[in-house]
Amino acid sequence: MRESRVCGLLSTQKPIKFLSMKVYKTNEIKNIALLGSKGSGKTTLAESMLYECGVIKRRGTVAGGNTVSDYFPVEKEYGYSVFSTVFAAEFNNKKLNIIDCPGADDFVGNAYTALGVTDIGVVTVDAEYGVEVGTENIVRTTAKLHKPVIFALNKMDGEKVDYDNVMEQLREHFGNNVVAIQYPINAGPGFNAIIDVLLMKKYEWGPDGGVPTISEIPADQMEKAKELNGILVEAAAANDEGLMDKFFGDEPLTEDDLRMGIRKGLIERSIFPVICVSAGKDMGVRRMMEFLGNVCPFVDDMPAPETVDGVSVKPDANGPLSVFFFKTSVEPHIGEVSYFKVMSGTLKAGADLENVDRGGKERLAQIFTVCGQIRTPIDALEAGDIGAAVKLKDVRTGNTLDEKGCEYKFDFIKYPAPKYTRAIKPVTESDAEKLAGILTRMHEEDPTWVIEQSKELKQTLVKGQGEFHLRTLKWRIENNDKLPIVFEEQKIPYRETITKAARADYRHKKQSGGSGQFGEVHLIIEPYTEGMPEPDSYKFGNQEFKLNVRDKQEIPLDWGGKLLVYNCIVGGAIDARFIPAIVKGLMDRMEQGPLTGSYARDVRVMIYDGKMHPVDSNEISFRLAGRNAFSQAFREANPKILEPIYDVEVLVPDDYLGDVMSELQGRRAIIMGMDAEHGIQKLQAKVPLKEMASYSTALSSITGGRGSFSMQFAGYELVPGDVQEKLLKAYAESQTED
């Protein structure tokens, strides 16, 4: 590690040793995401990694609130990671860009962001608890993004560690591609040594960890070490034809051969190496850093990312300059900090670039390497490197900035759908505009905070990944922006429809001196379904109505479903020029259904008769006549309320299955299926949105935070009769109050 001037200190006054001003070549850079379940020790591991790189002189602790990660006030208040933290460090002449991600499922968006711009995920696993639901979720995310994975078994000094059992769990969950690089000699409170089966050496630490004593493998461990080394050699050789020839020819593979084979296997996700550490005692961390530096793929080893136009862009320092901004944060005393990855070319301080997403030019007057909240100015960053800029004019998360003549645009970070929603409003109504600005800014910081101004519900909705996620947002608005806010349950976007045909007519007549208003509309309505035959004849009581369709309008509705309108007027009873006005009247009622004021859908209307006046008929008359005739017919057509139904998938450990299933059924859920995978149960259910309002909190309470779920809109279904009665009564009372 090279010395450089100190640009500042953390609030804890922990000394920081920065990277030099050296510009690292693309083939000297490795980008790593630090991932894992909540409580698996990522922040502590990051602290030990920085210590081993010489970036900090002493390791902070989560309990002490003095770690390089978790420096935001809200993180110190709650005692857990909320935001990802970017570090740059040098180890063995290689630059490691590390992004430490929160473990709580509520903040999973950070993992999606980090994996989008890094090349490998180090997944920490609590060696006492083994594979948890959070571990499953993280590895599933890496699979979607086809990113390599290394498992770091952490807390090897824990009371209840069973190394062999955890390895068995890993293989059960993730296949036989899980391969040990090391194993502990004495896992548990006395942990202080490992056998490394890649280097075939014993590593042993004193009580303070740090630099190990390296020695030959003891005789009583040699048989096990050789067995695991053989498995590792075969797994590495399987990724390269030349190595396979050596392997089958009984020719020994060199250390470099093994590294190359493992690196290729990582890129193809055909090997998942497992290393052992105790981050709290700084045991095994230095060896892990060596493995990351020597074995993990470099930036230019990985498949090239593609632009939105499908163009592959290799990280070429001599290519056209293109920079992708993946993260924005507002930091104390600094303001807006924008984090980026150089996708192509070499970025120099003072570069003038064009924003291909928002238009306009942007000057990056200064660029920085980053270690938590500390930024070190640097002259240039080559393709593949990660850095930051401050106080840019008009750059948002997800924007691409290019040099003139370059037309790259990237959009490869896809975030999970929200699963927890609340309506939000300021305590003081006059602060509504101020709140809107704050919410826009916070969405830039964390795109999984989704903001929606719902015209239908007349609410501002904020959506996130869970209760903690939104509680964090509330804390920051009230404490950082000093704006008191209130969360309320979101109103449910019900829909209204009909279940049988009905007929009505309505005459609108108004005379007030001079020209009056006159319009009369006769119509038939019925439920609409795709593929139903065209209207022909209808019978109501003893009267039959035969229709002659002259014209048809099919109107897709913004809120789902359709309205079909048939002009069946004969003999000029209503002039064709008034039909659009009647359709507007119908849409008035489709936008505010007669039952509860909710949107109506899936109705077809046949306008078959009416009357007009040569002087008094006009558009407003027929709009009102159409609206009121539709309302009358709707009420006679056995109207029903529809509610949104979601497909919900719940992942829980076996022990909690019964409780989780019972709780779901209490939410009117219909269980659609169950699958068991290695101690994790996967439940599929259909659940009304109304019943999902507090589910995030309930599931966390039942499972001690070890369950997770996802939800996706499935469609609309009729509400039960008792629920409809309650909704009608509540709407009637609200109208009386108004």
Side-chain angles (χ1 to χ4, degrees), residues 106 416-425 450-471 486-499 557-561 591-602 639-650 659-672 683-702 707-735 737:
D106 282 29
K419 51 191 179 187
Y420 189 85
T421 303
R422 282 291 180 267
I424 186 172
K425 65 180 184 181
V450 178
I451 314 303
E452 178 190 343
Q453 298 289 345
S454 177
K455 174 187 170 185
E456 175 186 1
L457 304 179
K458 299 179 177 61
Q459 289 180 311
T460 298
L461 303 178
V462 57
K463 304 179 181 183
Q465 296 299 307
E467 184 200 356
F468 288 143
H469 196 204
L470 264 61
R471 187 197 298 171
V486 175
F487 276 152
E488 298 175 335
E489 279 200 24
Q490 79 163 108
K491 298 172 185 175
I492 302 301
Y494 292 108
R495 298 288 180 262
E496 297 181 16
T497 193
I498 54 176
T499 57
L557 303 170
D558 292 342
W559 51 88
E591 290 182 2
Q592 188 175 10
L595 294 182
T596 61
S598 304
Y599 290 141
R601 58 176 285 167
D602 298 327
K640 295 291 184 183
I641 299 172
L642 303 169
E643 64 180 338
I645 303 294
Y646 278 70
D647 287 323
V648 177
E649 182 178 277
V650 187
D659 291 340
V660 169
M661 188 179 300
S662 296
E663 207 274 345
L664 270 175
Q665 288 169 334
R667 295 175 181 269
R668 295 195 283 130
I670 300 174
I671 306 297
M672 305 302 291
L683 282 174
Q684 285 104 18
K686 289 191 178 293
V687 191
L689 177 61
K690 173 68 176 174
E691 306 296 336
M692 292 298 293
S694 60
Y695 188 63
S696 173
T697 308
L699 181 64
S700 179
S701 176
I702 293 170
S708 72
F709 76 101
S710 60
M711 56 189 286
Q712 187 170 5
F713 176 70
Y716 274 87
E717 294 182 11
L718 295 174
V719 301
D722 60 328
V723 175
Q724 175 154 326
E725 287 300 317
K726 290 178 183 177
L727 292 172
L728 292 175
K729 183 179 179 182
Y731 182 69
E733 289 174 354
S734 70
Q735 295 301 102
E737 290 171 6

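It should be emphasised that the depicted structure is a prediction, and the values quoted were computed from it without experimental measurement. Numbers for residues simply follow the sequence, beginning at 1.
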**Partners passing ring pair (Phe, Tyr, Trp, His ring centres under 6.0 Å) against Tyr646 (at least two apart in sequence or in another chain)** = Phe713
**Message:** Which residues pass the ring pair (Phe, Tyr, Trp, His ring centres under 6.0 Å) test with Phe709, not counting sequence neighbours?
**Reply:** Tyr695
What is the distance from atom [atom1] of [X] to atom [atom2] of [Y], rounded to the nearest 0.5 Å?
X      : Y      : atom1 : atom2 : answer
Met672 : Gln684 : CE    : CD    : 9.0 Å
Glu496 : Gln592 : CD    : CD    : 9.0 Å
Glu733 : Lys729 : CD    : NZ    : 5.5 Å
Leu470 : Thr421 : CG    : OG1   : 8.0 Å
Glu643 : Lys690 : CD    : NZ    : 10.0 Å
Leu595 : Thr497 : CG    : OG1   : 10.0 Å

**Prompt:** Taking Gln465 for the side chain and Ala417 for the main chain, is one N or O donor matched with an acceptor at less than 3.5 Å?
**Reply:** yes
Kindly give the heavy-atom pair with the smallest separation between [X] and [Y], and that separation in Å.
X      : Y      : result
Asp647 : Ala714 : OD2-CB, 3.6 Å
Asp106 : Glu467 : OD2-N, 3.4 Å
Pro644 : Pro493 : CD-O, 3.9 Å
Ala698 : Glu663 : CB-OE2, 3.7 Å
Leu642 : Leu718 : CD2-CD2, 3.3 Å
Lys686 : Ile645 : CB-CG2, 3.9 Å

Pairing residues for [X] by the salt bridge (Lys or Arg N to Asp or Glu O under 4.0 Å) criterion, not counting sequence neighbours:
X      : answer
Glu456 : Arg495
Lys640 : none
Lys491 : none
Glu452 : Lys463

**Request:** Begin with the C-alpha distance, continue with both residues' side-chain angles, and end with the deciding distance and a verdict on side-chain contact (heavy atoms from CB on, under 4.5 Å) for Tyr599 and Asp558.
**Result:** CA-CA 10 Å; Tyr599 290 141; Asp558 292 342; over 6 Å; no
**Request:** Kindly check if the number of other-residue, nucleotide or ligand heavy atoms within 6.0 Å of CD1 (Ile671) is above 12?
**Result:** yes
**Message:** Can you confirm whether more than 12 heavy atoms, excluding those of Gln712, are under 6.0 Å from its CD atom?
**Reply:** no
**Prompt:** Is there side-chain contact between Phe487 and Arg471, with at least one heavy-atom pair below 4.5 Å?
**Reply:** no
**Prompt:** Leu689 and Met711: side-chain contact (heavy atoms from CB on, under 4.5 Å), yes or no, with the steps?
**Reply:** CA-CA 10 Å; Leu689 177 61; Met711 56 189 286; 4.0 Å; yes
**Request:** Can you spot which of Gln453, Gln490, Arg422 makes a side chain to side chain donor-acceptor pair (under 3.5 Å) with Thr460?
**Result:** Gln453
